[in-house]
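These notes are about the structure you will find just below.
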Amino acid sequence: MTKFAPLVLLLAAPALAAAPLASPDRHIRVDVRVTLAKTLEYSIQRDGRPVILPSRLGLQLEGADFTKGLALAATSPVTPVSDSYELATGKKRRIDYRANEQVLTVRNAKGQAMDLAFRVSNDGVAFRYLVRDAGIALKTFSAEATRFAFDASAKAWLQPMSVAQTGFANTNPSYEEHYRREIAVGTPSPLAAGWVLPALFRSGDTWVALSEAGMDGSWHASRLQADSTGGVYKLGVPMAPEVFTQGELLAQSRGELVSPWRVIALGSLATVTESTLGTDLAAPAIRFDAARVKPGHASWSWALLKDDATVFDVQKKFIDYAADMRWDYTLVDADWDQKIGYEKMGDLARYAAAKGIGLLVWYNSSGAWNGTKMSPKSKLLTHEQRVAEFARLAQLGIKGVKIDFFGGDGRSMIQYYVDILNDAASAGLLVNFHGATLPRGWSRTYPNLMTTEAIRGLEFTTFTQEDEDAVPEHAAMLPFTRNLFDPMDFTPMVFGDIPKIRRVTRNGFELAESVLFLSGIQHFAETPEGMATAPGYVKDFLRELPRSWDDVKFVDGYPGRHAVIARRSGNVWYVAGFNAGGQDLALDLDLAFLAGREGRVITDGAGERAFTQGLLTGAKPRITIKPRGGFVAVFK
């Protein structure tokens, strides 16, 4: 029997197990079995060492329970899976995915059938549930038994899930809490709603990132439950208010009921950081004019100047600023319809176009799900509204929309996101979601989705000193968690002052964010006045900074402490790093892949607001990063 022969039933005991399913390189192994108690469980090993301990699987539907009383009915042959695609908004442009797949069929005590598909790639494991039994006319989700069990010695890096209908104008959940770093597994979430995805763990020498992908609007988005006693993390469901008005909370189908892929990226920290599983398992791209897929950089007044700046003359100034920086867009934020108006917005778009700048405009998503008042509001709730509004914007020359204040993760709210993306694509518009859910691979499926917030971004640092003080460690989490698979609109980079706030990061830290953070459109928070304080070589760096990346290499880092990552555009490599700690950090960088090249480095000077230039040479150059500082280096 070969390693990838069809799953074989063990006849010596009532429990039915399957031959292990391995990754193409055979380092990762998955075991799946029906237990003596007739439940379904799996476990994962890496190089023979346990990573995920035996963990429950199963779905409970109304009138069909696939969590107990199960028997293994059939297994498919192991099938190699091969997929190639391009991504304009991620860590790599051209991506090849290879995995081994096997499908198990189980039947419950009623004889009803459920399939469970497993895929194992060199960087992780994924599985999903498929209920195709025609005898179950209406397949309505009740609960999910999926668990991820870790050894008691494992550590976790997790962001609490905010409780629905809390926060500003009842806008939560928006994935905007601070991370708990390196906590013992089993530590309960401080918030009853649980923990968000992606969730990061370390078990021995193996890092694990949990997420999901393949959200088509038929299923709710998941999170980890608050209680993880014994290091066992269970998938949870949204809270009752997290729905489109009068919409459904949980998955339901009259045809096939197919869950999203449950994603388990695992390996060394380098393997996980470079992994693309979150988009590998997303659906292929819808049709969208490739000429309109234009990642870029944007000026944005609201970050530091807030509501009073959303007026015609200030927006003209930010268009001029974007043109001077050779950026691509200017974002006009909330209440533009009242303070500027549609007609004048058309004038502004034409002014921007004459300077080679595209205009982006803000919208309020709601709806009855929160108490926000900013406008334009309630103009996107139906397909007919969206078609009319998006056509009007396209006629004005607007290139994209930023849509804010969504209501959570219920199935009907996820469908709302998908409907917006499809209608915006039909109108040729780019999309940025704020106050929103984790996009879970949507940037592959919808090429017009440039970015999504779903993070406690820079704007929070403008509200309280406490949020600003937390920035270094928070930012040093993001390449390993929130920004791991999906574009993130953190809105980075300030060199000057934040009004009424004492900035704690050095300018090198701020500049490094421009490379370390991935966003299809990077909205820079700095104003023209703050940018004027930067030396010419920093401005030239930002003028020449690529809009998208072809490849990635993890160089060094530890979640919440520091990160050094290399990104390639064409034949040019950019290496960037920052240090969240309060002491100098000396690193010997393994840059053997850049042997023979000399890097021009920009890093922190003598003062917190000062820059300096230098060179990086050799296969393992040493660099010292100042406390809460950073650097960027360009290797041509």
Side-chain angles (χ1 to χ4, degrees), residues 162 164-176 241-247 298 300-303 305-311 315 330-342 344-345 348 359-394 396 398-410 412-424 427 429-437 439 448-455 457 459-460 463 489 491 521 523:
S162 51
Q165 293 294 299
T166 62
F168 167 71
N170 303 98
T171 53
N172 276 330
S174 298
Y175 291 67
E176 292 176 342
E242 297 180 43
V243 294
F244 192 89
T245 305
Q246 298 182 334
W300 179 43
S301 66
W302 191 91
L305 304 184
K306 300 299 185 270
D307 296 334
D308 290 343
T310 308
V311 294
Q315 297 311 305
T330 293
L331 169 61
V332 186
D333 219 88
D335 292 335
W336 61 264
D337 59 324
Q338 300 179 47
K339 296 179 178 179
I340 298 175
Y342 283 85
K344 293 290 287 181
M345 187 60 72
L348 201 62
L359 220 55
L360 312 169
V361 295
W362 186 96
Y363 275 79
N364 191 332
S365 78
S366 59
W369 41 86
N370 59 56
T372 57
K373 300 183 183 302
M374 289 80 86
S375 65
K377 181 175 178 175
S378 299
K379 288 182 174 287
L380 306 177
L381 298 176
T382 69
H383 170 70
E384 292 74 20
Q385 283 182 310
R386 291 188 294 273
V387 168
E389 193 71 9
F390 291 163
R392 187 178 188 182
L393 293 181
L396 292 175
I398 304 300
K399 302 301 180 184
V401 289
K402 171 185 174 181
I403 307 174
D404 210 339
F405 301 135
F406 287 86
D409 284 344
S412 55
M413 192 59 67
I414 297 298
Q415 184 66 62
Y416 183 38
Y417 286 105
V418 170
D419 290 344
I420 288 172
L421 288 167
N422 280 312
D423 289 340
L429 293 176
L430 305 178
V431 176
N432 171 8
F433 288 137
H434 261 236
T437 191
N448 58 321
L449 178 62
M450 291 289 101
T451 192
T452 301
E453 187 183 32
I455 191 62
E459 70 174 83
F460 282 88
F463 302 147
D489 199 22
T491 65
I521 297 178
H523 297 89

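As the structure is a prediction and not an experimental result, all values here were calculated from the model.
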Would you say [X]'s side chain and [Y]'s backbone share a donor-acceptor pair under 3.5 angstrom?
X	Y	value
Glu176	Gly435	no
Glu389	Arg386	no
Ser366	Trp369	no
Asn170	Gln165	yes
Asn370	Phe405	yes
Asn364	Met374	yes

key: Residues Val332, Leu360; criterion side chain to side chain contact (heavy atoms under 4.5 Å, CB included); working and verdict   = CA-CA 6 Å; Val332 186; Leu360 312 169; over 6 Å; no
Note, [X] side chain near [Y] side chain (heavy atom, < 4.5 Å):
X	Y	value
Asp489	Thr452	no
Tyr363	Asp404	no
Thr171	Thr372	yes
Met450	Val431	no
Phe244	Tyr417	no
Asn432	Ile521	no
Lys399	Leu359	no
Glu453	Ser174	no

Separation of [Y] [atom2] from [X] [atom1] (nearest 0.5 Å):
X	Y	atom1	atom2	answer
His523	Thr330	NE2	OG1	9.0 Å
Gln385	Asp423	CD	CG	11.0 Å
Leu331	Trp362	CG	CH2	10.5 Å
Leu380	Ser365	CG	OG	8.0 Å
Ile398	Met345	CD1	CE	6.0 Å
Thr437	Phe406	OG1	CZ	10.0 Å

[X]-[Y] side chain donor-acceptor pair, cut-off 3.5 Å:
X	Y	answer
Asp419	His383	no
Ser301	Gln315	yes
Asp335	Thr310	no

Side chain to side chain contact (heavy atoms under 4.5 Å, CB included) between Tyr342 and Trp336, intermediate numbers included = CA-CA 8 Å; Tyr342 283 85; Trp336 61 264; 3.6 Å; yes
Minimum heavy-atom separation for [X] to [Y], with atom names?
X	Y	result
Thr245	Ala368	OG1-CB, 3.6 Å
Ser162	Pro173	OG-CA, 3.1 Å
Ser378	Gly367	OG-N, 3.3 Å
Lys402	Asp333	NZ-OD1, 3.0 Å

key: side chain to side chain contact (heavy atoms under 4.5 Å, CB included) between Leu393 and Val401, worked out   = CA-CA 9 Å; Leu393 293 181; Val401 289; 3.5 Å; yes
request  = Start with the C-alpha gap between Asp409 and Glu242, add the side-chain angles, then the distance that decides, and say whether side chain to side chain contact (heavy atoms under 4.5 Å, CB included) holds.
outcome  = CA-CA 6 Å; Asp409 284 344; Glu242 297 180 43; 3.5 Å; yes
request  = Determine the interplanar angle of the His434 and Trp300 rings, folded into 0 to 90°, and report it as parallel if under 30°, tilted if 30 to 60°, perpendicular if over 60°.
outcome  =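 Ring orientation, 0 to 90° scale: perpendicular.
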query = So which of Leu429, Leu449, Ile403 actually passes side chain to side chain contact (heavy atoms under 4.5 Å, CB included) with Ile420?
reply =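 Of the listed options, the one satisfying the test is Ile403.
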key: Neighbour count >12 (heavy atoms, 6.0 Å) for atom NZ, Lys306   =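 Atom NZ in Lys306 is packed in, count exceeds 12.
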